Amino acid sequence: MVRCRRAARAGAGSRLPAALRRRSRPQGPIRRILQTISMAKRTIADVLGGAVDVGSEVTVQGWVRTRRDSKAGFSFVHISDGSCLKTLQVVAGNRLPNYASEILHLGSGCSLTVCGELVESRGRGQAVEIRATAVEVAGWVDDPDTYPISPKRHTFEFLREVAHLRPRTNTFGAIARVRHCLAKAMHDFFDSNGYLWIHTPIITGSDTEGAGELFRVSTLDAANLPRDSAGNPDYSGDFFGREAFLTVSGQLNVEAYCLALTRVYTFGPTFRAENSNTSRHLAEFWMIEPETAFADLDENASLAEALLKHLFRTVLEVRSEDMEFFERHVDRKAIQRLRAVVDQPFERMTYTEAVRILERARRRFRFPVQWGADLQSEHERYLTETHVGRPVIVTNYPKGIKAFYMRLDDGGETVAAMDVLAPGIGEIIGGSQREERLEVLDRRFLECGIDPAHYGWYRDLRRYGTVPHAGFGLGFERTISYVTGMANVRDVIPFPRTPGSAEF
RNA sequence: UCCUCAGUAGCUCAAUGGUAGAGCAUCCGGCUGUUAACCGGAGGGUUGUAGGUUCGAGUCCUACCUGAGGAGCCA
């Protein structure tokens, strides 16, 4: 352990919460916290952000990015610890006992504990730096020649193959911080609007929407499946005594809580076993699904708009440094795009209006525009990228192309559905007002070829004090893609799961 | 799943069917309060896999594998 005695003395008092400081002889866990704090360990974000006075002793820990030596007898070592985009410059002089033996051999990826004095930098690139009094190497890099995260440009495709090491790059560090920021902003938004976070199950017995391929959850011996008299697999002896799957959506479950607690949402992983190979699809992805009782489609759309604006506003403010990085290195329009969304109301149009716009468009589409058919990717792109230039909310789709639970509009041809389409991404939100009338719901079950008997508990919600309610699903990775300009959702989730790929 | 394109050094890419090369990274040396440092040198290859055509295949053909872009499905 590196010794920093002056730091230990200096750090003990001032930064502690008052409640901790009052105790003269703290015991147990609090004592351990004190011991940690008394080492004056600081994150690089703290040090560069002005939380540490120039002239004071600090301990910083992190991973080497670059090293440059001066024959004047010292080396510049840049270290990073993930707390912010910037690196911290450590000046290590040849009077350090391990200068020749270790410091002169440090390379990208080595982990360090550095003790020293924070001083004003004599160089140009940074305001402050650490003049090291001790540098302890925690871990060396086994084979620098083949260490994948060498200090050079890498393609995202290559970094995907080393997903366990890619958080060490600027880009993936920034993505992780932005992802965290968006998740926190989302929870803050709902909390301040009176929404409760409901932890809906990951394992589900119902095949939710009847749409989308499911991952089966089973403890049966796949090589020796028990079968019933008709020769079909018999799951009665399986772990749950029935078929079970990974959830494709928490919506149906959260509706149950909505119809008691009024304002609720889920946030968690969802799973689709679809063989989709695109930059916008994952087999495992995270979804935000609010559900509001006594709300109609309009209120639902307003909630979606308010949520997105809050997310974008927050990330621009809280993670401005990372956003500037994305603007410089990933997508020149990253910041400008978010500002435009925050500053202007969302465009709203019905499906019928959208079809009219597409029919009038001076553009030849590969797929014909026809009322009743679902909008193709090229149609959505035209609407959001060419016609509006910002996200657009399309509502009231034909019932034939939407799910059974969406509320049938007066006229009986369309349902109270809404999609939010974003430039470059396509559908970022899908939602609807839910069908709260039991007899209409039952009719829709039949039209969609679903056996209502499988939805007994869901029907109960309409039998016992039903109310109009509405909700939507926001794809978290697509949102992060939109925010950062990262073109592939596989790069905004730490360990992407896609068909044929579950490494790490 | 379908269509298109691509797999050559750790990475990014060259190489008319005829001796596999560069830049970056790495290592060594030089220089410098340096900062995507700079200058010099060195090491580094079963050309995705398996077949085939040919005197000769990184290059042409077939199959497969992997990746990317687009489509469908969707968030």
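A, B, ... follow the sequence lines: proteins, then strands. Residue 1 opens every chain. Since the structure is predicted, the reported quantities are computational estimates derived from the model, not experimental observations. Just the heavy atoms: all of them, side chains too, but no hydrogens, waters or symmetry mates, feed the values below.
- Distance from the side chain of A/Arg160 is smallest for B/A68 among the nucleotides B/A68, B/G72, B/U1.
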Study note, to complete from the structure: Each base of RNA chain B marked ( ) or [ ] if paired in-strand (Watson-Crick or G-U under 3.5 Å), | if paired to another strand and . if unpaired gives (((((((..((((....[..)))).(((((.......))))).....(((((..]....))))))))))))....
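- Nucleotide B/A68 holds its P atom 13 Å from the CG atom of A/Leu159, rounded to whole Å.
- Atom name C1', nucleotides B/C64 and B/G7: the rounded distance is 14 Å, in whole Å.
- Rounded to the nearest 0.5 Å, atoms CG (A/Asp491) and CZ (A/Arg166) are 5.5 Å apart.
- Between A/Phe271 and A/Phe245, the distance from one ring center to the other does not fall under 6.0 angstrom.
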Protein N or O to nucleotides 11-14 of chain B N or O, pairs below 3.5 Å:
from  : atom 1 : to       : atom 2 : distance (Å)
B/C11 : O2'    : A/Lys152 : NZ     : 3.1
B/C11 : O2     : A/Lys152 : NZ     : 3.0
B/U12 : OP1    : A/Thr155 : OG1    : 3.2

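- At a threshold of 4.5 Å between non-hydrogen side-chain atoms, the residues A/Glu284 and A/Leu246 do not count as touching.
- Ranking B/A68, B/A37, B/C27 by closeness to the A/Pro144 side chain, first place goes to B/C27.
- B/U47 and B/A57 have their C1' atoms separated by 11 Å, given to the nearest Å.
- Look at A/Arg478 and you won't find any side-chain N or O under 4.0 angstrom from OP1 or OP2 of B/C74.
- For the pair A/Arg390 (side chain) and A/Phe346 (backbone), a donor-acceptor distance under 3.5 Å is absent.
- The side chain of A/Ser279 contributes an N or O atom lying less than 4.0 Å from OP1 or OP2 of B/G70.
- Using a 4.0 Å heavy-atom cutoff across all strands shown, A/Thr278 reaches at least one base atom of the nucleic acid.
- Going from the C1' atom of B/A63 to that of B/C73 covers 29 Å, rounded to whole Å.
- Classified by interplanar angle (parallel below 30°, tilted 30° to 60°, perpendicular above 60°), the ring pair A/Trp197/A/His199 is perpendicular.
- For the P atoms, the distance from B/G44 to B/A20 is 15 Å, rounded to whole Å.
- Side-chain atoms of A/Thr414 and A/Tyr397, non-hydrogen and from C-beta on, never get closer than 4.5 Å to each other.
- Residue contacts for A/Arg490: at a heavy-atom cut-off of 4.0 Å it reaches the sugar-phosphate backbone alone, with no base atom in range.
- Residue A/Ser276 has no polar side-chain atom (N or O) positioned under 4.0 Å from OP1 or OP2 of B/C74.
- In terms of phosphate contacts, A/Arg122 brings no side-chain nitrogen or oxygen within less than 4.0 Å of OP1 or OP2 of B/U32.
- Residue contacts for A/Leu282: at a heavy-atom cut-off of 4.0 Å it reaches a base atom on one of the strands shown.
- Evaluation of atom-type donor-acceptor distances gives a pair under 3.5 Å for the side chain of A/Asn277 against the base of B/U1.
- Comparing the P positions of B/C3 and B/G72 gives an interatomic distance of 16 Å, to the nearest angstrom.
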Exercise for review: Test A/Arg179 against A/Leu182 for side chain to side chain contact (heavy atoms under 4.5 Å, CB included), laying out the working first.
Suggested key: CA-CA 5 Å; A/Arg179 185 177 173 114; A/Leu182 288 170; 5.9 Å; no
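- No donor-acceptor pair under 3.5 Å is formed between the side chain of A/Gln89 and the backbone N or O of A/Gln126.
- At B/U35, none of the side-chain N or O atoms of A/Gln126 fall inside 4.0 Å of OP1 or OP2 (strictly under the cut-off).
- Nearest to the side-chain atoms of A/Phe76 among the listed nucleotides B/C74, B/G33, B/A71 stands B/G33.
- Per the geometry, CZ belonging to A/Arg131 stands 16 Å off P belonging to B/U34, to the nearest Å.
- Side-chain atoms of A/Glu378 stay outside donor-acceptor range of the base of B/G70, with no qualifying N/O pair under 3.5 Å.
- Side chains of A/Thr395 and A/Arg348 form no contact here, defined as non-hydrogen atoms less than 4.5 Å apart.
- Between A/Asn488 and the phosphate of B/G69, there is a side-chain N or O to OP1/OP2 separation shorter than 4.0 Å.
- Between A/Ser75 and A/Ser70, the closest side-chain pair of non-hydrogen atoms is not below 4.5 Å.
- Counting non-hydrogen atoms under 4.0 angstrom, A/Arg280 reaches a base of the nucleic acid.
- Of the listed nucleotides (B/C73, B/A25, B/U1), B/U1 has the atom at the smallest distance from the side chain of A/Asn275.
- You'll find the ring centres of A/Tyr455 and A/Phe404 inside the 6.0 Å limit.
- Both A/Pro499 and A/Phe285 lie close to RNA chain B; mapped to their nearest nucleotides by heavy-atom distance, the more 5′-ward contact belongs to A/Pro499.
- The same atom, P, is picked in B/A9 and in B/A15; the two are 15 Å apart, to the nearest Å.
- Among the heavy atoms of the strands lying under 4.0 Å from A/Glu129 is at least one base atom, whether or not backbone atoms are also near.
- Proximity of A/Ser377 to the phosphate of B/G70: no side-chain N or O atom is located under 4.0 Å from OP1 or OP2.
- To the nearest whole angstrom, the two C1' atoms, one in B/C38 and one in B/G33, are 15 Å apart.
- Along RNA chain B, the nucleotide nearest to A/Phe74 and the one nearest to A/Gln376 differ in position, and the one closer to the 5' end is contacted by A/Phe74.
- Comparing atom distances between the A/Asp374 side chain and each of B/C74, B/A71, B/G43 picks out B/C74 as nearest.
- Ring orientation note: the planes of A/Tyr382 and A/Phe365 are nearly perpendicular, at an angle over 60° on the 30°/60° scale.
- Remark: the A/Asp143 side chain and the B/G10 base include no donor-acceptor N/O pair separated by less than 3.5 Å.
- Atom OH in A/Tyr482 sits about 19 Å away from atom P in B/A75, given to the nearest Å.
- Applying the side-chain hydrogen bond (donor to acceptor under 3.5 Å, both in side chains) test to residues at least two apart or on different chains, the pairs with a partner in residues 365-374 of chain A are A/Thr352-A/Trp371.
- Rounded to the nearest Å, the gap between the P atom of B/G67 and that of B/G52 is 28 Å.
- Between A/Glu213 atom CD and B/G72 atom P the separation is 18 Å, expressed in whole Å.
- Using a 4.0 Å heavy-atom distance criterion, A/Gly473 is classed as a sugar-phosphate-only contact.
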